[in-house]
Amino acid sequence: MRGVQMTEMERRQAEKMEENIIQTRAELVGLFGEALLDYEYKERTIEKIEKWCKEAGKYFFKHGIPLDEALKDTEFYRKHLWRAIEGAVMEQGMPASEVFQLIYLIDPQLDHAVHCFSMAYVKYHQATLENAKQAFLELSVPVVPLSKGVGINLSLIFLKFS
């Protein structure tokens with residue numbers, strides 16, 4: 001957005017949105033940190049991730065961020081998480097068995113987060129399409145005015161006589 005011509009108000013709104021997106025992403029990374037610390041309470045972490053996914057999916061959809069754009073950072077999450085873990089593994093000399101435990105913990109949760117986020121986003125997209133369809137159908141129904149502020153819906157008449 002840096003090269004895009006914007007008014008000062010649009011620029012402030014874009015900066016605020018960018019701050020919110022960074023905060024939202026930081027929350028997800030924090031949840032993965034919790035998953036490592038509270039690995040015994042896996043279900044609790046999954047619930048928190050699912051809650052994050054629903055809120056983030058709604059936020060990204062309502063702000064017009066395309067799903068593919070929102071999901072492209074998943075690769076970076078995985079790469080940076082594993083680089084951080086690699087550093088800790090090397091520093092602490094962790095055995096391979098513990099590394100595999102981390103893999104079995106983190107990767108499925110990240111995949112689950114991507115799935116839940118996508119489903120939440122699609123849910124809001126489908127609801128918007130359904131609302132638009134309903135509005136279109138309501139606008140396309142012929143109404144005959146009888147007097148000021150009073151009309152009759154012709155589709156109801158056709159349904160009664162059909």
Side-chain angles (χ1 to χ4, degrees), residues 1-140:
M1 297 295 289
R2 299 202 193 290
V4 177
Q5 292 289 329
M6 290 188 252
T7 65
E8 185 58 33
M9 187 165 98
E10 289 171 331
R11 186 165 309 286
R12 281 192 305 254
Q13 288 174 336
E15 287 171 358
K16 180 68 174 162
M17 185 185 301
E18 185 177 12
E19 289 172 19
N20 288 338
I21 290 171
I22 290 169
Q23 177 63 36
T24 299
R25 291 175 175 164
E27 289 169 7
L28 180 62
V29 172
L31 289 172
F32 283 101
E34 283 183 38
L36 291 172
L37 295 174
D38 292 340
Y39 62 91
E40 295 173 3
Y41 304 104
K42 186 177 172 181
E43 274 64 35
R44 187 169 57 196
T45 302
I46 288 172
E47 287 174 13
K48 288 180 180 181
I49 289 173
E50 288 176 354
K51 181 178 184 241
W52 177 91
C53 291
K54 289 174 185 172
E55 292 169 1
K58 181 179 181 179
Y59 179 84
F60 277 67
F61 176 77
K62 290 199 178 237
H63 286 86
I65 300 166
L67 182 57
D68 64 326
E69 189 73 23
L71 290 175
K72 78 178 185 179
D73 290 338
T74 304
E75 172 188 345
F76 299 116
Y77 290 133
R78 194 178 308 269
K79 186 183 340 178
H80 291 292
L81 280 169
W82 283 115
R83 281 195 180 143
I85 291 170
E86 178 185 26
V89 165
M90 301 304 273
E91 184 180 300
Q92 296 180 14
M94 292 173 64
S97 61
E98 289 182 24
V99 174
F100 281 105
Q101 284 180 334
L102 292 173
I103 291 169
Y104 299 144
L105 176 72
I106 295 294
D107 277 351
Q109 287 187 1
L110 184 56
D111 294 340
H112 184 68
V114 168
H115 176 76
C116 287
F117 175 86
S118 299
M119 295 307 293
Y121 188 99
V122 168
K123 175 185 155 191
Y124 290 107
H125 179 71
Q126 288 175 330
T128 300
L129 288 177
E130 190 58 40
N131 289 340
K133 178 182 171 185
Q134 190 62 37
F136 175 77
L137 290 174
E138 288 173 9
L139 290 173
S140 65

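Residue numbers count from 1 along this sequence. None of the values given here were measured: they were computed from a predicted structure. Keep in mind that the numbers below use all heavy atoms, side chains included, and drop hydrogens, waters and symmetry copies.
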For this session: Apply salt bridge (Lys or Arg N to Asp or Glu O under 4.0 Å) to the pair Lys72 and Glu69, showing each step before the final yes or no.
Result: CA-CA 5 Å; Lys72 78 178 185 179; Glu69 189 73 23; 3.0 Å; yes
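Note that CD1 of Ile21 and CD of Gln23 are 12.0 Å apart. Values are rounded to the nearest 0.5 Å. To the nearest 0.5 Å, the span separating CG on Leu28 from CH2 on Trp52 amounts to 4.5 Å. Expressed to the nearest 0.5 Å, how far NZ of Lys123 lies from NZ of Lys58 amounts to 8.5 Å. With values rounded to the nearest 0.5 angstrom, Gln13 atom CD is found 14.0 Å from Glu18 atom CD. For the atom pair CD (Glu19) and NZ (Lys16), the distance works out to 5.5 Å, reported to the nearest 0.5 Å. To the nearest 0.5 angstrom, Thr24 atom OG1 is 5.5 Å from Phe60 atom CZ.
Counting all heavy atoms, side chain and backbone alike, Val122 lies closest to Leu67 at CG2-CD2, 4.3 Å. Shortest non-hydrogen contact noted between Cys53 and Ala120 is O-CB, 3.7 Å.
Using bins of under 30°, 30° to 60° and over 60° for the plane-to-plane angle, the ring pair Phe61/Tyr124 lands in the parallel bin.
Shown here are the side-chain contact (heavy atoms from CB on, under 4.5 Å) partners of His80, two or more places apart in sequence or in another chain: Phe76, Arg83. Applying the salt bridge (Lys or Arg N to Asp or Glu O under 4.0 Å) criterion to Lys48, with sequence neighbours excluded, gives Glu34.
Environment of NE2 in His63: crowded, with over 12 heavy atoms of neighbouring residues, nucleotides or ligands closer than 6.0 Å.
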Show me the side-chain donor-acceptor pairs of residues 93-117 shorter than 3.5 Å, one per line, residues at least two apart or across chains.
from   : atom 1 : to    : atom 2 : distance (Å)
Asp107 : OD1    : Arg78 : NH1    : 2.9
Asp107 : OD1    : Trp82 : NE1    : 3.1
Asp111 : OD1    : Arg78 : NH2    : 2.6
His112 : NE2    : Glu50 : OE2    : 2.6

